[in-house]
2 protein chains.
Amino acid sequence: MAHNHEEILCRVKSELPEDELICDLSDLFKVFGDTTRMKILYSLFESEMCVCAIAELLGMTQSAISHQLKVLKNANLVANRREGKTIYYFLADEHVRTIVAQGFEHLIEKHTHEKK
Amino acid sequence: MAHNHEEILCRVKSELPEDELICDLSDLFKVFGDTTRMKILYSLFESEMCVCAIAELLGMTQSAISHQLKVLKNANLVANRREGKTIYYFLADEHVRTIVAQGFEHLIEKHTHEKK
DNA sequence: GCCATATATGCACCACCGTTCATATGTTGT
DNA sequence: ACAACATATGAACGGTGGTGCATATATGGC
């Protein structure tokens, strides 16, 4: 046991969301937590792109990109449309931009504080 | 080589941020991508807390919590203050709430779409 | 100074994840 | 139906990261 904090423990415990929500949330952010996927998202900020274009842009295997696009799609961050043999991927909604932008702002603020 | 997409490649490539920014961004989101850290953040939404209180709340080792608090602190998501022997951790700024809230909204929207 | 309490840290183990290779699926043109 | 191209998928390898154990550091009380 430790020092007394029963009051706070009870109050915070009652306000904590269920495990499933916490899990879904961290799973979502996990998707943003990889440089390859982040590069893909940034690319799609500019324009929809087909798989091989992204692979060429990032200098990576088509397979690797395909795997990561699947992860992004499962998280509903991107969607795709078929046009003949090629499949174009694009941002699923505007939340993606907002979330990345918020992360960006945090980084900026962090850097300005470090310049002391 | 693949089918032609020189135009798009050049345009997108010129707009892509430098690798360091991409890396910093994904590193930041990586911090949100763990259930333990997410639970800690949600706890701190309610109130500042000491290490052993968080450990008791989450039913985990003091060591594990301490390790994760270090990660959160390195990312400038939390800060701490000492009061005698105990050290209280709290949210470093309001970006944390905003980022988590954005992720939450994305999940909500996703769920409503799945209810078809 | 010594002991108890609160927190931090180094290490090692294990699980998970990103990549590549090989191959499968799907589409178009002939 | 077959060949060529675009993409998806499964398996395996390697690296990273979260956890617990043991221990170190720090503060307060006696």
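Chain naming here is simple, since letters A, B, ... match the order of the sequence lines and numbering starts at 1 in each. For the numbers below, each heavy atom of this structure counts, side chains included, while hydrogens, waters and symmetry mates do not.
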Query raised in the report: Between D:dT19, D:dA8, C:dT20, which nucleotide gets closest to the side-chain atoms of B:A64?
Result: D:dT19

Requested in this report: Find the distance A:N80:CG to C:dT25:C1' and express it as a whole number of Å.
Outcome: 15 Å

Report task. Identify which nucleotide among C:dA8, D:dT9, D:dC21 has an atom closest to any side-chain atom of A:S66, counting heavy atoms from C-beta outward. Result -> D:dT9

**Report entry** Heavy-atom pair of closest approach, residues A:K85 and A:R82
**Finding:** O-NH1, 3.9 Å

Query raised in the report: Shortest non-hydrogen contact from A:V78 to A:L44?
Result: CG1-CD1, 3.7 Å

Requested in this report: Select one nucleotide: of D:dA6, C:dA6, D:dG20, the one nearest the side-chain heavy atoms of A:T86.
Outcome: D:dA6

Query raised in the report: What is the distance from CE of A:M38 to P of C:dG18, rounded to the nearest Å?
Result: 13 Å

Query - Shortest non-hydrogen separation from B:L25 to A:G103 and the atoms involved - result: CD2-C, 3.7 Å

Report task. Let me know, please, whether B:Y89 or A:Q68 comes out on the 5' side of the other along DNA chain C by nearest nucleotide. Result -> B:Y89

Report summary line: From CZ of B:R37 across to C1' of D:dG18 the rounded distance in Å is 8 Å

**Report entry** Presence of donor-acceptor pair under 3.5 Å, side chain of A:Q62 and base of D:dA8
**Finding:** yes

**Report entry** Exercise: identify the closest heavy-atom pair between A:E56 and B:H5
**Finding:** OE1-CE1, 3.1 Å

Query raised in the report: Which atom names give the shortest non-hydrogen contact between B:F90 and B:R81, and what distance separates them?
Result: CE2-N, 3.9 Å

Report summary line: Nucleotide by nucleotide, nucleotides 25-30 of chain D touches protein heavy atoms under 4.0 Å in the pattern (B base, S sugar-phosphate only, - none) -SBS--

Query - Donor-acceptor pair under 3.5 Å, B:H67 side chain vs D:dG17 base - result: no

Report summary line: When rounded to whole Å, the CD1 to C1' distance for the pair A:I65 and C:dG18 reads 11 Å

Query raised in the report: What is the distance, rounded to the nearest whole Å, between atom NZ of A:K30 and atom C1' of C:dC17?
Result: 10 Å

**Report entry** Atom-pair distance (CG on B:L69; P on D:dG17), nearest Å
**Finding:** 18 Å

Report summary line: Nearest heavy-atom contact between A:I8 and B:S47 is CG2-OG, 4.0 Å

Report task. For D:dG18, take OP1 and OP2 only and decide whether either is under 4.0 Å from a side-chain N or O of B:T36. Result -> no

Query raised in the report: Whole-Å distance between C:dG18 P and A:I40 CD1?
Result: 11 Å

Query raised in the report: Under the side chain to side chain donor-acceptor pair (under 3.5 Å) rule, what pairs show up with a residue in residues 33-45 of chain B, not counting sequence neighbours?
Result: B:R37-B:Q68

Query raised in the report: Expressed in angstrom and rounded to an integer, what is the separation of A:E56 atom CD from D:dC5 atom P?
Result: 15 Å

**Report entry** A:S63 (side chain) and D:dT9 (base): donor-acceptor pair under 3.5 Å
**Finding:** yes

